Trainee: 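Pasting in a structure now, in structure tokens, and then I'll have a few things to ask.
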Protein chains: 2
Amino acid sequence: MTTIQDVAMRAGCAISTVSRVLNGSPHTTEATRVRVMAAVDELGYRVNTIGRSLKTQKTGAFGVLIPSITNPVFASSLGGIEEAARTAGYDIIVTTSNYDPGRDGEAVEALLARGVEGVLLTVTDPATGRVADRLAARHVPHVLLYNQPIDPAVAAVTVDNRRATADLTGEVIARGHTDIGYVSGVFGSSDRARIRYAGYCDRMREAGLKPQAAVEVPFVGQDRDFVAAVARFLNAPTRPTALLCSNDLLAIRIMAAARTLGLRVPEDLSVAGFDGIDIGRMVEPSLATILQPAADMGRQAVQFLFALMRGEREPATLIMPHTFRPGRSLAAARGGTIAGALRAAPAPALNRKTIP
Amino acid sequence: MTTIQDVAMRAGCAISTVSRVLNGSPHTTEATRVRVMAAVDELGYRVNTIGRSLKTQKTGAFGVLIPSITNPVFASSLGGIEEAARTAGYDIIVTTSNYDPGRDGEAVEALLARGVEGVLLTVTDPATGRVADRLAARHVPHVLLYNQPIDPAVAAVTVDNRRATADLTGEVIARGHTDIGYVSGVFGSSDRARIRYAGYCDRMREAGLKPQAAVEVPFVGQDRDFVAAVARFLNAPTRPTALLCSNDLLAIRIMAAARTLGLRVPEDLSVAGFDGIDIGRMVEPSLATILQPAADMGRQAVQFLFALMRGEREPATLIMPHTFRPGRSLAAARGGTIAGALRAAPAPALNRKTIP
DNA sequence: CTGTTAGCGCCTTCAG
DNA sequence: CTGAAGGCGCTAACAG
């Protein structure tokens, strides 16, 4: 490894001079600058970031904590984050919690020990986890992403999940549906799921309709178990004509499960999601959903974090715009009655072969 | 910030003693151990990784370079990598090249400057990029992921892309297709695409069929442009009855485009992909593809990297098993002639509205 | 404008 | 078994 010392010797000057040249200090002669750069080239020298960090207390890196990398919505935001970070010359250290509240805490500790200058996080639940508090206690700038902070003093970039789901519910109602169900991931592992459900309830009541109890399905797990779980309520006599899902991945899985159960989407069941992942536009039928600007939210969160680090901004909640993206999965209600839908679907016969 | 010094004072001992306790050195009394740990707890002390790194020359982090985070196949492998790294107490620094060969080099430099102990990379093209050489020159352990190394002395974890595509082509041929096309991303930005195409050619020739020229479509870009590009060859009188795509994402986009053009999959056109991303099982029709164990490949690459770092293994190419995953997108050829397929699809009429 | 010097937080011989 | 001291690579006063 070649150090700044080697460069200094080669260039015939002091290490401080080399340091100045490298950091573009104004007080330096063109001649020495050239000499130093030449030495740098010849020796193939590259600053040792870690030596620098020890001195400056800056690591040029920040941490990112998300529930999962394989959910496209987080992958998208991570893509935006990575791009914005790289552009600013920052590195990112990526960790996942896999929706495990306990791991949120561990992950943040690890990030802190590594000396990240800031943290971007999507926690399992800001209400119970309180990881943001630990960050605040140690004066490490941080921005919540997707989460809706409990404490307004913590910075966040999100969409108005409640309003967005209310809007989406409105779209479903506008298509003549009155019997609208709600399926979500486990509430305990996602504040978004809870908030979105509240938005659904808002709009249902507003329209004089009765919000139905949310069906929580374990999101991760084997395909077979999932289909079985879904079958349990899709085959019930109370099956709704339209189903809102707390996120797109869930919606897409539900559509696949429905197909397995012999139900046609949207003829027998309309489905809508939330997130606006790309894949939703390519599936058949295309998925109606709420589009949140994931990549852009990631970029914005990075900018916000930098502003926080520079002390240029105070924590605040930044609400990004959401839009309704129509899709063939959401159609007008036919007849609009449960009876009609049930008649159309030969449910019982097909179920037996999929439910153990 | 509380340092090891503070702990030493609080515990009434020397810094070195604290260090020994923290690092589990055997030469230490139970009594002092307890005293030190108490001090650590009371002060909420956490080792400063960067101070330690400077001394030990170990950062406890390795770098990951992939083309894109938003392609599910890379997201999956990244998920596996992250998990394996975390389990081993390592952090990962993630960078992307966005399929830009120039950025491969930059990214590796940045990783090196940060002092990563190793690097996992999927480069744009190992033939032209030669980034692995730079890593080797600086004695930084590294493992190629997905890439097929030119130089057998560089470690790699991949599947046998050529053989796998040959297998897939065999499945298509077995279903009665003889007119089989190949679509891929730009060859210049993916060695996999080239190698897979070669596998297709192998099997076609073996079956006495004429391999068709690969159609390279720019993978990134607007939806409209993509459909237009695809329309150009899907509407040609020479349209094949089956289409092999160099990866799943491309295949799924092609299926969506085909639908837009009024073609039915698989009735008018069979489609197969490569990668085995989850979404492929949920789309309608489900996508026939080659499944490569992405997450597991990521994990294996991490293990390989660790072995390399410990000097326990020599570089080698680790070939992971691939499997054919059937899907409804690939059906038996009907009649098996171009004419039949053309008759079935009302192509010309529908095209005009999608091609500018 | 440039060189000297003192650490940043930690680990690790080397004495005691 | 424990303490003292040097130094990892670098930056930032402070002199010159």
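Note that the structure is a prediction, hence the values are computed from the model and not measured. Here is how names work: the chains are called A, B, and so on, in the same order as the sequence lines, proteins then strands, and each is numbered from 1. Values reported hereafter were calculated over all heavy atoms of this structure, with side chains retained and with hydrogens, waters and symmetry mates removed.
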Trainee: Contacts to DNA chain C from residues 53-62 of chain B, heavy-atom cutoff under 4.0 Å, which residues?
Mentor: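 The answer is B:L54, B:K55, B:T56.
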Trainee: Could you work out which one of D:dT11, C:dC11, D:dA4 sits closest to the side chain of A:I4?
Mentor: D:dT11
Trainee: How many angstroms lie between atom CE of A:M37 and atom CG of A:L22, to the nearest 0.5 angstrom?
Mentor: 6.5 Å
Trainee: Distance check: side-chain N/O of A:T3 vs OP1/OP2 of D:dC8, anything under 4.0 Å?
Mentor: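 Checking D:dC8 against A:T3, no side-chain N or O comes under 4.0 Å of OP1 or OP2.
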Trainee: To the nearest 0.5 Å, how far apart are CG in A:L145 and CE in A:M320?
Mentor: 9.5 Å
Trainee: Roughly how many Å is it from CD in B:Q5 to P in D:dG3, rounded to a whole number?
Mentor: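 These atoms are roughly 13 Å apart.
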Trainee: How sharply is the helix from C:dC1-D:dG16 to C:dG16-D:dC1 bent, taking the axes over five pairs at either end and rounding to 10 degrees?
Mentor: 40°
Trainee: In whole angstroms, how far is the P atom of C:dG7 from the CD1 atom of B:I50?
Mentor: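 It is 18 Å, rounded to the nearest whole Å.
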Trainee: Which is more 5' along DNA chain D, the nucleotide nearest A:T49 or the one nearest B:T29? Just name the residue.
Mentor: B:T29
Trainee: Would you call B:V159 and B:M297 a side-chain contact if the rule is heavy atoms closer than 4.5 Å?
Mentor: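 The answer is yes; the side chains approach within 4.5 Å.
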Trainee: Could you walk me through whether A:Y90 and A:E117 pass the side-chain hydrogen bond (donor to acceptor under 3.5 Å, both in side chains) check?
Mentor: CA-CA 10 Å; A:Y90 268 71; A:E117 290 179 44; 2.8 Å; yes
Trainee: Can you tell me how far the OG1 atom of B:T28 sits from the CG atom of B:N23, to the nearest 0.5 Å?
Mentor: 11.5 Å
Trainee: Whole-Å distance between C:dT4 P and A:I15 CD1?
Mentor: 9 Å
Trainee: Strictly distance-based, threshold 3.5 Å: is any side-chain N or O of B:N98 a donor or acceptor partner for the main-chain N or O of B:D100?
Mentor: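 Looks like no, no N/O pair under 3.5 Å.
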Trainee: In residues 106-117 of chain A, which ones come under 4.0 Å of DNA chain C, going by heavy atoms?
Mentor: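 Residues of residues 106-117 of chain A under 4.0 Å from DNA chain C: none.
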Trainee: Closest approach of A:R134 and A:G105, non-hydrogen atoms and distance?
Mentor: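 It is NH2-O, 3.7 Å.
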Trainee: Drop me the distance from A:T3's OG1 to A:M9's CE, to the nearest 0.5 angstrom.
Mentor: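 So the OG1 of A:T3 and the CE of A:M9 are separated by 10.0 Å.
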Trainee: What is the distance, rounded to the nearest whole Å, between atom CG of A:N48 and atom P of D:dC10?
Mentor: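 Rounded to whole Å, this separation is 5 Å.
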Trainee: Taking all non-hydrogen atoms of both residues, which atom of B:R35 and which atom of B:C13 are closest, and how far apart?
Mentor: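 Closest heavy-atom pair between B:R35 and B:C13: NH2-CB, 4.1 Å.
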Trainee: Of the nucleotides D:dA5, D:dA13, C:dC10, which has the atom closest to the B:S16 side chain?
Mentor: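 The answer is D:dA5.
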Trainee: From C:dC11, C:dC1, D:dT2, pick the nucleotide closest to the side chain of B:S19?
Mentor: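 Selected nucleotide (nearest to the side chain): C:dC11.
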Trainee: Taking only the side-chain heavy atoms of A:R52 (C-beta and beyond), determine which of D:dT11, C:dT12, D:dT2 contains the nearest atom.
Mentor: D:dT11
Trainee: Take atom CG of A:L22 and atom C1' of C:dT2, then tell me their distance rounded to the nearest Å.
Mentor: 16 Å
Trainee: Heavy atoms from C-beta onward define the side chain here; which of C:dG3, C:dT12, D:dT2 lies closest to that of A:T17?
Mentor: C:dG3
Trainee: Which of these nucleotides, D:dT11, C:dT2, C:dC10, is closest to any side-chain atom of B:Y45?
Mentor: C:dC10
Trainee: Does C:dC11 have its OP1 or OP2 closer than 4.0 Å to a side-chain nitrogen or oxygen of B:N23?
Mentor: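 Checking C:dC11 against B:N23, a side-chain N or O does come within under 4.0 Å of OP1 or OP2.
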Trainee: Roughly, in whole Å, what's the span from CZ in B:R20 to P in D:dC1?
Mentor: 11 Å
Trainee: What is the distance from atom OG of B:S53 to atom CZ of B:R114, rounded to the nearest 0.5 Å?
Mentor: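 B:S53 atom OG to B:R114 atom CZ measures 10.5 Å (nearest 0.5 Å).
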Trainee: With distance as the sole criterion, is a donor-acceptor pair present between the side chains of B:T124 and B:D104 under 3.5 Å?
Mentor: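 The criterion, which ignores hydrogens and geometry beyond distance, is satisfied for B:D104 and B:T124.
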Trainee: Nearest 0.5 angstrom please: A:R310 CZ to A:L305 CG, how far?
Mentor: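 Reported value, rounded in 0.5 Å steps: 9.5 Å.
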